[in-house]
Every structure is written in C-alpha cells, then in structure tokens.
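Residue numbers begin at 1 in each chain, while the letters A, B, ... track the order of the sequences.
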Amino acid sequence: MANQDDNLLKKIVAHAKEYGFVFPSSEIYDGLGAAYDYGQYGSELKNNIKNFWWKAMVQMHENIVGIDAAIFMHPTTWKASGHVDAFNDPLIDNKDSKKRYRADVLIEEYIAKIEGKIKKEVQKAAKRFGDSFDETQFLATNGRVIEYNAQIKSINDRMKSAMETEQLNELKTLIEDLGIACPVSGSKNWTEVRQFNLMFSTELGSLAEGANTIYLRPETAQGIFVNFLNVQKTGRMKIPFGIAQIGKAFRNEIIARQFIFRMREFEQMEMQFFVKPGEEMKWYDHWKEKRIQWHKILGLGEDNYRFHDHLNLAHYANAACDIEFNFPMGFKELEGIHSRTDFDLKAHEEHSGKKLQFFDPQENQNYVPYVIETSIGLDRMFLAIMSASYKNETLEDGSERVVLKIPPALAPVKVAVLPLVKKDGLSEKAREILETLKFHFNCQYDEKDAIGRRYRRQDAIGTPYCVTIDHDTLQDHSVTLRDRDTTKQERIPISELTNRIEGLVSINTLLQKL
RNA sequence: GCGGGAGUAGCUCAGCUGGUAGAGCGACAGCCUUCCAAGCUGUAGGUCGCGAGUUCGAACCUCGUCUCCCGCUCCA
C-alpha cells in the first residue's frame with residue numbers, strides 16, 4: 001500500500017508537469033532543489049484556491065478584512081516573535097544508527113530522566129513516612145534530591161550558555177560528558193553539532209550600522225500583528241475581528257521534499273482573529289468548525305480529513321491543532337489552527353514601545369486581545385486537490401482515461417468549446433459561441449483531432465464542461481454540454497449556455513453552502 | 001548533512017560480450033469526418049546529466065561531479 005501511494009505521488013508529479021500545472025524550478029539548469037514553478041494551469045488553479053479562500057474568509061465576514069504586507073520587515077519583528085531565538089535548531093547525528101536528533105532535545109530528555117529519579121525518591125519517601133510526609137521539606141533536605149537538582153541546574157546552565165553564545169562544540173561536549181547514548185543504536189558515536197537557522201537572511205544597505213541583516217519572513221502572521229493598530233483604527237474594527245493575508249513565506253528547511261508539500265519558498269493563507277481575553281477557547285472551537293466546513297464543501301471526500309491536536313505546544317500557543325489531509329504520503333498537516341494567546345501583540349508592545357491594545361467600551365477598559373490563528377498552506381491545498389482529483393478510470397467500453405476531478409469552481413479551465421468537425425461552418429459557429437463565453441469563464445477552443453481525443457485532453461486538465469457544436473446546431477441553435485465526471489451529454493439552447501454553466505462552476509455555488 | 005536508488009527524444013522505455021542511437025505514445029502540418037484515446041501521409045525533436053580516464057573506437061568500462069527520488073529531524 002505504501003508502495004502504491006508512492007507511485008500515486010509520482011504519477012501526480014509527472015501529470016502536473018506534463019500538463020502544465022507544476023514544473024521543477026529552473027529546469028533547464030538542472031533544477032533548483034525543492035523549488036517549483038506553477039505553469040499555465042497551475043497558476044489558474046492556485047488563483048482560484050486563493051479566491052475561494054479570500055471570499056470565504058474575508059468578503060463573507062463583516063468583521064474580517066485583508067491586508068498585503070511586505071515580505072521584508074524590520075529585524076526587530078523577528079526578535080519579538082521569538083523566531084531569532086527559537087528557530088535555531090542545533091542538530092546532531094548518531095553515526096551508527098544514522099538517526100538525527102536535536103542536541104537540545106537530547107539534553108532535555110536526559111534532564112527529564114533525572115527528574116524521574118527525583119519523583120521516585122519522593123514516592124519511596126512518601127511510603128516510608130506515611131501521613132506525616134512533608135514533600136516540600138523532603139525536597140529541600142534530602143541529600144540525593146539536592147544532588148539531583150544541582151545536576152539539573154548545572155546541565156541547564158551549561159546548555160543555556162552554550163545555546164545563547166552559539167557554542168555548538170560545547171553542546172557536543174555536554175552530550176559526551178553526560179554519556180548520552182542514541183536510543184536506537186545505543187552508541188555514543190556522535191557527529192559534530194550543526195546549526196540550522198531556519199530564517200533566510202539577506203543584506204539591506206541603508207539600515208543603521210551593524211543592523212543591516214534582514215530576514216525573509218518565515219510566516220505571514222507577523223505582517224498582520226505589526227499592522228494591528230493601523231487596521232483597527234482605520235477600519236474602525238471592533239473586537240472580535242480578523243485580519244487576513246495571503247502571501248509568500250520562506251523557511252530554510254533542512255530537508256525540503258515531497259514535491260510541493262514542503263518547499264523553502266511557500267505561500268500561506270492566514271487569518272488572525274482578535275478576541276477578548278478569556279473568550280479564546282470559544283473562538284478556537286468556532287474556527288475549527290468553520291475551517292473544516294470550508295474544506296468539506298469542496299467534496300474531496302470527508303474521510304480524507306482529520307483533526308490532530310498538538311500536545312507539545314509552540315512557545316506562543318495555549319491550544320493548537322492541525323487539519324490533516326490524506327495525501328498520497330499519508331495523513332499530513334494541511335492547515336493549522338492555533339490559539340496564540342496575547343504572546344505576539346505583547347511581545348511587539350515590549351519591543352516597539354507602542355501600545356497594541358483595544359479599548360473595550362462595554363468593559364470601559366483597555367486590553368491586549370488574544371489571537372486565534374487559522375493558517376493554511378496554499379501549496380499544500382493545491383497538492384491536496386491534485387491528489388484527491390487525480391483518477392485513472394476505466395470506462396464502460398473498456399478504454400481508460402486519466403481525469404482530474406477538480407471541484408468545478410476551482411478548475412483552471414471551466415469550459416472547452418469544440419466544433420465536432422472543422423468544416424461546414426462549425427468552426428465559425430464555435431468561435432462565435434466562444435466569443436460570448438469568454439467574458440464569463442476561462443475557456444479553451446480546440447478543433448484538432450477526433451472529438452473523443454479532445455474530450456480526453458480536457459479531462460486531463462480537469463475542465464468540467466465541454467460545449468460541442470454539431471451540424472444540428474446550425475439549425476436548432478443548441479449545443480451539447482458534456483460533463484467531465486459522468487461523460488454524459490445534454491442538449492441545451494445556446495441562449496441558456498452562460499447561465500447554465502455559471503450555476504455549475506461559479507465559486508458562489510460553494511460559498512452558498514458555507 | 002548521512003545512507004540507499006536513478007539519470008538515453010516532451011512522456012514511457014529499448015539499446016546484447018564497448019563499433020559513434022531506436023520504438024511506442026505525444027507535438028506540429030495535411031488528408032479523412034464518424035460525439036468519447038489508439039485511421040492515413042509527412043515533419044520536427046537527442047553533444048545518451050556533466051567532466052576526465054582506459055581504448056583505434058564509450059550510451060555501455062573506471063574515477064570524479066551535478067541533479068532528482070526514498071528514509072532520518074523540523075514545519076504550513
């Protein structure tokens with residue numbers, strides 16, 4: 001099964017390239033790892049996804065507005081957000097098991113072991129002393145416990161100072177001194193510790209002395225937080241309200257792989273929802289519900305989604321979950337919904353010296369709002385649609401076809417206009433119809449090859465409807481409308497064509513179900 | 001970064017023990033016209049990933065190098 005799904009991803013990658021959805025970046029120069037370019041159909045599909053998200057998240061809500069912040073931001077932004085410190089992962093490999101670990105995690109696990117020993121001492125003592133046992137006193141006086149605590153403190157101090165001063169060799173020495181062994185191989189045969197800064201940096205010439213390093217944003221969220229006050233004031237926004245943004249983000253991933261699932265340059269669709277402190281869990285649940293609904297109305301199969309609650313929370317969150325999608329590689333994160341508390345706004349208050357608060361007239365007081373974030377990877381959404389849509393079907397007559405059953409509202413090309421044959425004036429009539437339809441839909445015209453082959457071509461790029469002009473059309477002013485998924489045809493008057501297709505492929509058909 | 005696999009036409013691949021490239025599909029032009037791929041004719045497209053070595057001669061053998069794919073840690 002793993003093998004089959006592996007092949008499915010390969011097939012999707014090949015199909016995406018062959019039909020102009022996704023190309024490897026800079027391919028003529030042998031490509032650039034983990035970067036991809038969206039082609040003629042891919043960019044249409046991507047735009048349609050953005051549009052559907054933007055409409056559903058911004059335009060359908062009176063209290064949500066959108067912005068488009070710069071990718072370059074003041075360097076202090078990333079100090080405030082915690083990315084400068086927290087996005088540095090020191091990594092170490094075990095040479096025997098070939099497993100990779102975070103050096104700080106290995107040390108923390110070692111500390112956890114010592115803490116476990118303290119707990120055991122406490123349990124033993126509690127048994128021994130019975131009811132008269134005073135835990136605080138025991139912890140403060142017991143010789144072994146004191147020694148354990150001293151160990152923990154010394155290890156912690158060494159680790160912290162090594163992390164802060166970026167003394168990577170000191171981390172390795174610490175691991176060696178503690179005799180930490182690889183859980184898999186059991187050996188202490190470690191490589192050097194290497195640092196991976198997950199933020200891309202570049203130079204900006206005109207900043208003040210020494211401070212000319214600037215980062216490509218690793219998440220779009222901070223563009224929203226630094227504009228919180230601007231938007232709140234100029235938009236006269238009242239809590240609860242949201243600010244949304246679609247944009248690129250950059251992370252220097254150690255390993256970027258699995259096609260467009262994990263790229264170093266990727267696009268996020270984020271909405272930060274500002275709420276009254278204490279109401280965050282209510283809104284967290286609200287957006288979980290809203291977001292899963294958004295996914296499900298696309299009809300990619302409800303079984304393909306599941307929630308995954310985070311147990312280890314990021315430094316800024318007090319609750320977090322993922323919406324996972326059943327990709328060809330298995331269930332993987334597609335969207336994250338996080339309760340970010342007031343961490344970000346407070347941090348920016350501290351670093352900027354500006355008050356980032358909301359005056360609540362009902363409470364008659366100021367407060368820093370809490371934030372619920374919904375953040376979906378656009379490229380992952382693209383891959384989700386591609387993998388759920390890609391079908392290799394055997395038809396009734398035994399022939400095979402490859403069809404992309406993309407939700408019609410998101411399909412790159414909505415309708416293909418096809419003269420049955422390219423003579424007897426059918427081409428001219430078809431062109432005439434195309435001239436009306438093109439104002440409403442992204443259309444394609446094709447008169448080359450047999451009609452069946454043209455249907456298959458449209459199936460391969462996911463065009464939901466084909467309009468075919470035949471000899472009868474010239475007399476009765478009607479055409480056939482062929483459905484991609486069923487291959488069934490229906491004869492309808494040319495005058496009804498636009499309205500009819502509109503009702504089938506418009507994004508409104510989805511929005512109205514929300 | 002480490003380990004494993006793979007690079008020949010747009011795609012899928014063939015190419016024997018070394019004798020300087022082939023098929024099918026696709027694309028394009030034309031013919032035919034019949035509502036669900038595979039009718040006929042013709043055309044274009046390759047410095048066999050790149051570099052070096054062995055050899056009279058390398059797609060094939062040797063070494064190096066690059067890229068891609070699969071695992072390990074991280075995330076949207």
Side-chain angles (χ1 to χ4, degrees), chain A residues 2-3 6 9-10 13-15 17-20 24 26-27 29-34 87-103 105-106 184 191-192 194 196 198 218-221 248-264 266-270 310 314 322-325 329 332-338 373-381 383 395-403 418-424 426 448-460 466 468-472 479-480 482 484 487-489 491:
Chain A
N3 246 336
D6 229 44
L9 183 62
K10 275 191 184 139
V13 174
H15 190 87
K17 186 187 163 197
E18 178 116 34
Y19 288 92
S26 324
E27 202 189 3
Y29 294 110
D30 277 340
L32 179 68
F87 254 64
N88 276 327
D89 294 337
L91 299 180
I92 189 166
D93 293 345
N94 182 272
K95 288 179 185 167
D96 298 313
S97 66
K98 307 292 180 199
K99 294 280 173 191
R100 163 166 297 171
Y101 302 91
R102 273 178 55 178
V105 170
L106 281 178
V184 175
T191 63
E192 294 302 312
R194 287 181 311 274
F196 290 91
L198 295 195
E219 63 173 20
T220 52
K248 291 255 170 122
F250 305 84
R251 289 183 197 172
N252 197 6
E253 299 286 347
I254 307 150
I255 293 297
R257 238 182 248 152
Q258 280 165 329
F259 194 38
I260 55 175
F261 184 80
R262 179 177 288 110
M263 296 190 288
R264 298 198 170 92
F266 62 103
E267 201 155 359
Q268 294 181 305
M269 304 191 288
E270 288 198 330
H310 283 206
D322 300 332
I323 295 175
E324 295 186 333
F325 185 80
M329 319 80 80
K332 300 267 185 178
E333 178 175 5
L334 170 61
E335 171 158 6
I337 297 155
H338 296 213
E373 165 188 279
T374 76
S375 172
I376 174 170
L378 174 53
D379 310 278
R380 290 184 177 185
M381 187 63 203
L383 182 58
L395 297 175
E396 288 169 11
D397 62 357
S399 66
E400 287 193 7
R401 68 163 180 167
V402 172
V403 53
L418 316 170
L420 186 60
V421 295
K422 55 175 174 183
K423 60 171 195 179
D424 305 331
L426 296 190
K448 171 82 179 153
D449 297 319
I451 189 71
R453 190 195 288 265
R454 282 179 273 165
Y455 287 144
R456 299 298 165 93
R457 272 205 285 265
Q458 295 302 325
D459 288 341
C466 291
T468 306
I469 290 82
D470 58 22
H471 291 91
D472 293 342
V479 293
T480 59
R482 182 254 192 192
R484 175 195 69 198
T487 75
K488 295 281 183 298
Q489 283 176 288
R491 193 148 196 103

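The salt bridge (charged side-chain N to carboxylate O under 4.0 Å, His left out) test applied to A/Lys422 returns no partner, not counting sequence neighbours. Applying the salt bridge (charged side-chain N to carboxylate O under 4.0 Å, His left out) criterion to A/Arg482, with sequence neighbours excluded, gives A/Asp459. Residues passing the side chain to side chain donor-acceptor pair (under 3.5 Å) test with A/Thr220 are A/Gln268, A/Glu270, sequence neighbours excluded. In this view, A/Glu373 and A/Arg340 satisfy the salt bridge (charged side-chain N to carboxylate O under 4.0 Å, His left out) rule, not counting sequence neighbours.
Each of A/Ile260 and A/Ala14 was matched to the nucleotide of RNA chain B holding its nearest heavy atom; the match closer to the 5' end belongs to A/Ala14.
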Can you give the dot-bracket line for RNA chain B, using ( ) for pairs inside the strand, [ ] for pairs that cross earlier ones, | for pairs with another strand and . for unpaired bases, where Watson-Crick and G-U count if both distances are under 3.5 Å? (((((((..((((.....[..)))).(((((.......))))).....(((((..]....))))))))))))....
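One can place NZ of A/Lys17 at 12 Å from C1' of B/A9, the figure rounded to the nearest angstrom. For the pair A/Lys10 NZ and B/C70 P, the interatomic distance rounds to 7 Å; values are reported in whole Å. With rounding to whole Å, A/Arg262 atom CZ is found 16 Å from B/C69 atom C1'. Atom pair A/Phe261:CZ and B/A76:C1' shows a separation of 8 Å (rounding to whole Å applied). For the pair A/Tyr19 OH and B/C11 C1', the computed distance is 9 Å after rounding to whole Å. Computed from coordinates, the A/Lys332 NZ to B/C74 P distance equals 12 Å when rounded to whole Å. Here the C1' atom of nucleotide B/A76 and the CD atom of A/Glu335 are 9 Å apart, to the nearest Å.
Across B/G45 and B/A21, the matching P atoms stand 16 Å from one another, rounded to whole Å. B/G53 and B/U17 are spaced 26 Å apart, taking the P atom of each and rounding to whole Å. Atom C1' of B/C25 sits at a distance of 23 Å from the matching atom of B/C35, rounded to the whole Å. Only the P atoms considered, B/C11 is 13 Å distant from B/G49, to the nearest whole Å. As rounded to the nearest Å, B/A59 and B/C48 have C1' atoms that lie 5 Å from one another. Spacing between B/A6 and B/G57 at atom P, rounded to whole Å, works out to 29 Å. On the P atoms, B/G4 is 26 Å away from B/G51, given to the nearest whole Å. B/G26 and B/U67 have their P atoms separated by 35 Å, with the value rounded to a whole Å.
Under the 6.0 Å distance and 45° angle rule, A/Arg380 counts as a cation-pi partner of A/Phe261.
In terms of modelled atom types and a separation under 3.5 Å, the side chain of A/Arg454 and the main chain of A/Leu420 share a donor-acceptor contact.
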What string of B, S and - do you get for nucleotides 25-36 of chain B, 5' to 3', when a contact is any protein heavy atom under 4.0 Å? -SS-B---B-BB
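Put simply, the side chain of A/Arg264 and the base of B/C75 share no donor and acceptor less than 3.5 Å apart.
Nearest approach of A/Phe266 to A/Phe250, heavy atoms of both residues: CE2-N, 4.3 Å.
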